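A quick write-up on the structure given underneath.
Predicted model only: the values in this text are computed from it and were never measured. Chain A is the first sequence line, chain B the second, and so forth, proteins listed ahead of strands; every chain is numbered from 1.
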Amino acid sequence: MADHSSHDPLAGIPFDRVPPSGRYGAAGEPGVTVSTTDTPFIALVVARNGFAASVAARLGRAFGVEVADRAGAAISAASTVVGTGPGRFLVLSTIEPDLEGTLRALLGAEAAVSEQSDASVAFNLTGEKVPDLLAKGALIDLDPRVFLPGHAATTVIAHIGVTLWRVHESGWRLLVARSFEASFTRFLVASGAEFGLALENGTAGRG
Amino acid sequence: MRIPCPYCGERDAHEFATLGDATLTRPDPAAADADAQFHDYVYLRDNPAGAHEEWWYHANGCRQWLRVARDTRTHAISGAVAARATEQASGEPA
Ligand SMILES: [Zn+2]
């Protein structure tokens with residue numbers, strides 16, 4: 001292993017491995033906490049032509065939230081519906097193992113449904129410094145006065161495609177393609193070290 | 001350069017891929033002079049200075065094709081609409 005600066009929070013961690021759980025960077029109360037231990041069931045819903053409004057309404061009724069055909073996140077205790085494009089919705093659930101089947105039964109011929117649970121890693125980011133961290137890689141304005149709870153965006157952060165939304169005042173959620181988990185975690189650690197970053201991961205894929 | 005995506009809002013051009021001229025119509029491949037028409041369509045493109053209509057694909061966003069009005073001299077963008085909207089209006093596949 002080449003010599004690394006002692007200031008490098010990623011010193012000694014192989015590029016192709018997800019950095020291990022632990023504390024990185026500045027000591028004290030962490031400015032950012034990153035967790036991937038929640039592994040929701042995920043499915044993508046794509047409304048067929050002319051059915052976007054109907055699909056949004058059906059999803060809203062079924063999950064007890066207000067869903068519209070726009071880039072927003074409708075959040076309840078167990079489910080989240082996120083708009084990612086016209087007539088396109090990502091549905092996350094912590095309690096529906098057969099989310100795909102549930103959605104097929106709900107939407108019938110109005111939409112195409114595909115199971116995506118293992119496609120993405122869900123990063124939960126909490127803490128006051130999350131916007132400052134994300135600003136280092138984002139192309140869009142994530143200032144907490146502009147990007148409000150319930151707002152969602154599909155964009156790139158650190159050159160990696162993400163769908164992200166603000167869950168509450170100090171909580172953000174980001175979906176990243178699973179093969180980018182190591183790279184994206186490295187970005188979070190490197191960019192969050194100055195604020196102190198607590199990382200909690202280590203769950204294997206659902207397989 | 002920032003493109004006002006009708007779904008995503010204003011986004012950096014780096015999120016998009018460009019296809020070019022949105023004012024052309026793909027020739028009918030069954031036409032008698034299809035070879036000549038396709039040569040013209042594919043190779044003999046205009047290079048207008050000023051107002052232009054272009055196809056842009058929001059690859060790192062909503063994954064939709066947009067028809068963008070851009071001034072080629074200033075890069076000023078005066079608007080963008082979803083290609084699916086113009087397709088429905090004209091009946092022409094994008
Ligand atoms: Zn878009």
Side-chain angles (χ1 to χ4, degrees), chain A residues 44-53 55-56 67-73 82-90 112 114 116 119-120 134-143 146-148 150-166 174-177 180 183-184, chain B residues 1-26 28 52-94:
Chain A
L44 176 66
V45 170
V46 180
R48 300 193 192 282
N49 273 346
F51 288 100
V55 166
V67 178
D69 185 16
R70 60 177 172 79
V82 185
T84 63
R88 298 170 72 95
F89 306 91
L90 275 172
S114 61
Q116 300 286 339
S120 301
L134 294 178
K136 297 183 186 185
L139 297 171
I140 63 172
D141 190 355
L142 295 175
D143 187 297
V146 175
F147 198 84
L148 305 176
H151 284 192
T154 299
T155 180
V156 285
I157 291 181
H159 305 280
I160 294 170
V162 302
T163 292
L164 80 156
W165 60 98
R166 189 165 169 202
L174 293 82
L175 293 181
V176 175
F180 285 103
S183 298
F184 196 75
Chain B
M1 199 164 81
R2 297 174 77 80
I3 295 174
C5 174
Y7 185 85
C8 303
E10 200 173 75
R11 292 293 182 92
D12 191 283
H14 285 101
E15 292 192 357
F16 296 80
T18 180
L19 182 70
D21 200 335
T23 65
L24 300 176
T25 302
R26 186 180 172 84
D28 176 6
H52 197 35
E53 297 275 327
E54 300 167 334
W55 295 123
W56 289 77
Y57 177 60
H58 199 180
N60 279 302
C62 60
R63 300 186 174 90
Q64 303 293 306
W65 283 96
L66 308 182
R67 187 185 177 110
V68 177
R70 181 175 72 96
D71 189 308
T72 60
R73 288 172 302 194
T74 62
H75 293 313
I77 291 174
S78 57
V81 295
R84 58 167 68 193
T86 65
E87 179 188 339
Q88 279 154 10
S90 70
E92 278 295 334

message: Could you check whether atom CZ of B:Arg2 has more than 12 heavy atoms from other residues, nucleotides or ligands sitting under 6.0 Å from it?
response: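 Atom CZ in B:Arg2 is crowded, with more than 12 foreign heavy atoms closer than 6.0 Å.
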field: Region of B:Asp12 in contact with chain A, defined by heavy-atom distances below 4.5 Å
entry: side chain
- line: Note: B:Phe16 and B:Arg11 closest approach over all heavy atoms is CE1-CB, 3.7 Å
task: Identify the heavy atoms of A:Ala52 and A:Gly87 that sit nearest to each other, and give their distance.
output: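 Looking at all heavy atoms of both residues, the shortest contact is CB-CA, 3.8 Å.
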field: Region of A:Ile140 in contact with chain B, defined by heavy-atom distances below 4.5 Å
entry: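 Side chain of A:Ile140 only, per the 4.5 Å heavy-atom cut-off to chain B.
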- prompt: Which one, A:Gly83, A:Ala71, A:Gly85, A:Ala153, leads in non-hydrogen pairs under 4.5 Å with chain B?
  reply: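 Max contact count across the listed options: A:Gly85.
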message: Just so I understand: if I count every heavy-atom pair under 4.5 Å between each of A:Asp69, A:Thr155, A:Asp141, A:Val156 and chain B, which residue has the most?
response: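 Of A:Asp69, A:Thr155, A:Asp141, A:Val156, A:Thr155 has the most heavy-atom pairs under 4.5 Å with chain B.
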- request: Output all residues satisfying salt bridge (charged side-chain N to carboxylate O under 4.0 Å, His left out) with B:Asp71, sequence neighbours left out; order by chain, then residue number.
  value: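 Salt bridge (charged side-chain N to carboxylate O under 4.0 Å, His left out) list for B:Asp71, sorted by chain: B:Arg73.
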